[in-house]
Amino acid sequence: MTTTTKPLILVDGSSYLFRAFYVPNLRVLTNSRGEPTGAMHGVLNMLDKLRKDYEPDLMAVVFDASGKTFRDDLYPNYKANRPPMPDELRSQFEPLLEIIRAQGYPLLMVAGVEADDVIGTLASEHQGAVLISTSDKDMAQLVDERVHLINTMSNTYADPAGIIEKFGVRPDQIRDYLALMGDTVDNVPGVEKVGPKTAAKWISEYGSLENIMANAEKFGGKVGENLRAALTHLPLSYQLVTIKCDVQLELDPDDLKLAAPNNEKLRELYTRYEFSTRLRSLGKETTLAAKKPLADPFEMFDEIEPLEKTTIASSKVDYQTIFTQEALEHWLKLIREAGEFSFDTETTSLNYMEAEIVGVSFAIQAGKAAYLPLAHNYLGAPPQLNREATLAFLKPYLEDEALHKIGQNLKYDRNVLLNHGIELQGLAHDTMLESYVLDSNEEHGMDSLCEKHLHHTTIHFEDIAGKGKKQLTFNQVGIEQASTYAAEDADMTLRLHQYFWPQLQALDDQRKLYQSLEMPLIRVLSTMERTGVKIDAKLLAQQSQELEQRLSEMNKQAYALAGQAFNLNSPKQLQEILFDKLGLPIVQKTSTGQASTDVNVLEELADQGHELPKLLLEYRSLSKLKSTYTDKLPEQINPNTGRVHTSYQQTGAATGRLSSTDPNLQNIPIRSEEGRRIRRAFIAEPGYKLLALDYSQIELRIMAHLSGDKGLLDAFAQGKDIHRATAVEVFNTPLDKLTNDQRRAAKAINFGLIYGMSAFGLARQLGIDRSEAQLYVNLYFARYPDVKAYMERTREQAQAQAYVETLFGRRLFLPEIRARNAQRRQAAERAAINAPMQGTAADIIKMAMISVDTWLRSHKSGARMILQVHDELVFEVPEAELDETRQVITELMVHAATLSVPLLVESGVGENWEEAH
DNA sequence: TGCTTCACG
DNA sequence: GACGTACGTGAAGCAG
């Protein structure tokens, strides 16, 4: 093994401890005993970040030792102006050191010198790259091509060029520069009235302190006099600011390896100081560590990211709180002038149907933001502008199409504003969607985006509202904290937009998808969500009862068969009964090595003639229906609308699909007769009917288009049953002689193709042996040679560029396509085959939704779009409008995209969703 | 919280 | 030569 090129990381613990202590949001943190813990949190988070970002092999955390240093001997007044360490900080010092040690970091404190000197010495002794993490500008003197600085609190990174940019002098001139300025806090005398500007100017003119002193008589004016007066003590100042790089250390930089954490000690310390998140992740890490040897040891090198510079100086922000009408009007004037602003609503709930606005924040340029509190109502909350009156005042701004809004997840803000009668217009940009279109694999939440792209750790909601049962709603959060949090959200949204937008503009397809598809979809989805779907709660309750009876009977039967009582819902207990007690054979194991009891296994065992597995299969499916659907759906009915309102996640699926949550209305049963009954509870208002339209075989049609395979294109052009057509080809049998099994096999092949199948998978699906499955696959590819070529092309493309694209250029990155681990690589290859088809289908139905929505609105239609299920749209339509609506929407869906195969849309109408299908 | 299972396209 | 083996989701229940 060669040594890695990872930098040695040296952390100036003392400088961070002081800085963290004075951060307002950290200042207030204590445990339940009232012991302050904020500075500890601050330092530890910073260490986490470094460790995560750089995965260092060598690292040290250095603190000042107590007692006098050689500088005190040089100059008795050194640091004499420093106030004593506050008690609230002092009390955090020792425990912090203990935690750092227990976490496994080498920790250094050397008597007689300062942390800076230890760091300087280690940096100069180390052979390879060094990264010094500090918030102390004095360290700039250590920078060269090999040694760089990072300030983990302000997210700034500095190499020699960075130092010149920041200070206006080279790293080797920093000592001269510091000596000229002096330091009032440390009581280092400099030249009176010489600050950063003058010092940099003199140094650039004269090159060095020595030369400046030699030419002291040439400096005119008051500062010239001051310089001459300082001549005697400047050498001393120079000595004081010079970091000592030859401290006698009893160790070598190569000794600074991270040790394994002492989890027992950490558990004790985290418990004592109530670091609950760390306590939780402690359990996680131990299991991870236990699994580690299994992982491919080279895998981790694949994902090391290059160091990045950043441009945010997060210390320089101007966040204001708006309490008066005058202040509000002042800000609105600024917003008007800017023509574009980011904004964010703060509310009482994540549920958009229940949420009420508590406040609104805006940002008009990076770092300049304001929070307008409107409904904080905790005891002692300061008076605020009246919510309803102020929202009425804001309404024309928010509804002004020409005033461009930038947000993070604007769909939510739009929904919430509608609760107050405001229909947000001028939706210009949504950073969540920008991130999604650029790389759908990322997390697109505010916190992750800031962390990743701005290298800034935002204030998390939990930081100000707490968590768990005691979590406050936003109206109970103190305005001061709320204000920083909310203003930061708006500020970060704007900065993220400034970061993403140029990237999107550089990629034509991405920009188009974002501007013409994802952005317009916000309003469509928001409308669907708020419309909701009517549910027959009584019918579901009745079904629940029936299920309950059947389940309890089956329970008894199962106990009899097993010879004992057990929990049928517990895979673990079931496993004991089946395999230990009854001695049935273990068919398959789960990924963690447990004996699996999933459908495949139970079916296999049932086929062998065992009664209990057969019973369990039915029990499982009924129990699922009851708990997930018949019991839960009625609970999710909104009391005001009498309907169920799902949330569509526009950034939920990496392929471009939507997903649906709370509740998930995209997985309502249909495959089994029992399950289908649940669809009968999805009903229309009186006078309305449900209209369901779905794309027939859309992914296979897309495969035909993308591959250009003549056989497949012809089959679709002639409107053939595609599975039969495939069966005719593969089994070389005339259409009228086909058996049902042959069609079934052809269907499995067609689906398998979309999923990037292997012969093994097909064999298992069809219950045939592998060689037979392989034969089918070979026959298929012989008949449809361009499909084979297309699959190969896609694999090559994925391999070459590490992403694949839909017909419209939507990208899916496949980071694992070059993984050394074959299993993971092959999984990525299958995803590469599937994504262009699944993703193109998703793009097409999104286009259809937008055009349908446009038509519905422009024709003042009484019909409303209520559900999207990947290739299906469901509408609630006034009976009088049924025929026209059905015909027009079919047309719009069919023509949503033009492929080299026709798109076919099938539709149905009914009193409920089952009937409409 | 992680795992397992199962509902959908 | 062995291993694992079809894509994409969300939710519920159990167990620790």
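Computation of the quantities below employed the complete heavy-atom set of this structure, encompassing side-chain atoms and omitting hydrogens, waters and symmetry-equivalent molecules. Convention: sequence-line order gives letters A, B, ...; per-chain numbering from 1.
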Just the rounded figure in Å: distance from [atom2] of [N] to [atom1] of [X].
X	N	atom1	atom2	answer
K632(A)	dG10(C)	NZ	C1'	13 Å
Y629(A)	dC6(B)	OH	C1'	8 Å
I844(A)	dG9(B)	CD1	P	19 Å
L602(A)	dT5(B)	CG	C1'	10 Å
N667(A)	dC7(C)	CG	P	19 Å
M757(A)	dA6(C)	CE	P	12 Å
F682(A)	dC8(B)	CZ	P	12 Å
H870(A)	dC7(C)	NE2	P	16 Å

Any donor-acceptor pair under 3.5 Å between the side chain of Q838(A) and the base of dC7(C)?
yes
Can you find an N or O donor on one side and an acceptor on the other, under 3.5 Å apart, linking the side chain of Q666(A) with the base of dA7(B)?
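Result: no qualifying N/O pair found.
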What I want to find out is whether K846(A) reaches D843(A) closely enough, with some N-O distance under 4.0 Å, to be called a salt bridge.
no
Between [M] and [N] - [atom1] atom distance, rounded Å:
N	M	atom1	result
dA2(C)	dA7(B)	P	36 Å
dC3(C)	dC6(B)	P	26 Å
dA6(C)	dG2(B)	C1'	24 Å

Distance below 4.0 Å between [X] side-chain N/O and [N] OP1 or OP2:
X	N	value
S627(A)	dA11(C)	no
T628(A)	dG10(C)	no
R764(A)	dA6(C)	yes
Q573(A)	dA15(C)	yes
S659(A)	dG10(C)	yes
R671(A)	dA7(B)	no
R620(A)	dT4(B)	no
R657(A)	dG8(C)	no

With sugar-phosphate meaning primed atoms plus P, OP1 and OP2, does [X] contact a base, only sugar-phosphate, or nothing at under 4.0 Å between heavy atoms?
X	value
S621(A)	sugar-phosphate
I833(A)	nothing
D662(A)	sugar-phosphate
Q826(A)	base
S758(A)	base
A748(A)	base
I668(A)	sugar-phosphate
A654(A)	sugar-phosphate
R825(A)	nothing

Measure from the side-chain heavy atoms of [X] and tell me the nearest of [options].
X	options	value
S596(A)	dT5(B), dA15(C), dG4(C)	dT5(B)
P571(A)	dC7(C), dG9(B), dT4(B)	dT4(B)
P669(A)	dC7(C), dC14(C), dC8(B)	dC8(B)
K572(A)	dC8(B), dG16(C), dA12(C)	dG16(C)
D598(A)	dA7(B), dC6(B), dC14(C)	dC6(B)
N664(A)	dG9(B), dT5(C), dG10(C)	dG10(C)
V599(A)	dC6(B), dC7(C), dG10(C)	dC6(B)
K624(A)	dG4(C), dA6(C), dG10(C)	dG10(C)
Y755(A)	dG10(C), dG9(B), dC14(C)	dG9(B)

Is the F275(A) ring parallel, tilted or perpendicular to the Y270(A) ring (thresholds 30°, 60°)?
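F275(A) and Y270(A): parallel rings.
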Q636(A) versus D662(A), side-chain donor and acceptor atoms under 3.5 Å
no
Is a side-chain donor-acceptor pair under 3.5 Å present for H444(A) with S435(A)?
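Indeed, the side chains of S435(A) and H444(A) share at least one donor-acceptor pair under 3.5 Å.
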Would you check if the side chain of D463(A) reaches a backbone N or O of H460(A) as a donor-acceptor pair within less than 3.5 Å?
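Pair found, side chain donor or acceptor close to backbone of H460(A).
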Are Y780(A) and Y784(A) close enough that their ring centres sit under 6.0 Å apart?
yes
Considering Watson-Crick and G-U wobble pairs with both distances under 3.5 Å, what does dT5(B) pair with?
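dT5(B) is paired with dA11(C).
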Under 3.5 Å on both distances, the Watson-Crick or G-U partner of dC3(C):
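Across all strands, not a single nucleotide pairs with dC3(C).
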For atom CD1 of I586(A), decide whether the heavy atoms of other residues, nucleotides or ligands shown that lie under 6.0 angstrom number more than 12.
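Enclosed: over 12 neighbouring heavy atoms sit under 6.0 Å from CD1 of I586(A).
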Does a sphere of radius 6.0 Å around CD in E443(A) hold more than 12 heavy atoms from other residues, nucleotides or ligands, not counting ones at 6.0 Å or beyond?
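Counting neighbours around CD of E443(A), 12 or fewer heavy atoms of other residues, nucleotides or ligands fall under 6.0 Å, so no.
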Minimum heavy-atom separation for L551(A) and K626(A), please, with both atom names.
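Looking at all heavy atoms of both residues, the shortest contact is CD1-CD, 3.8 Å.
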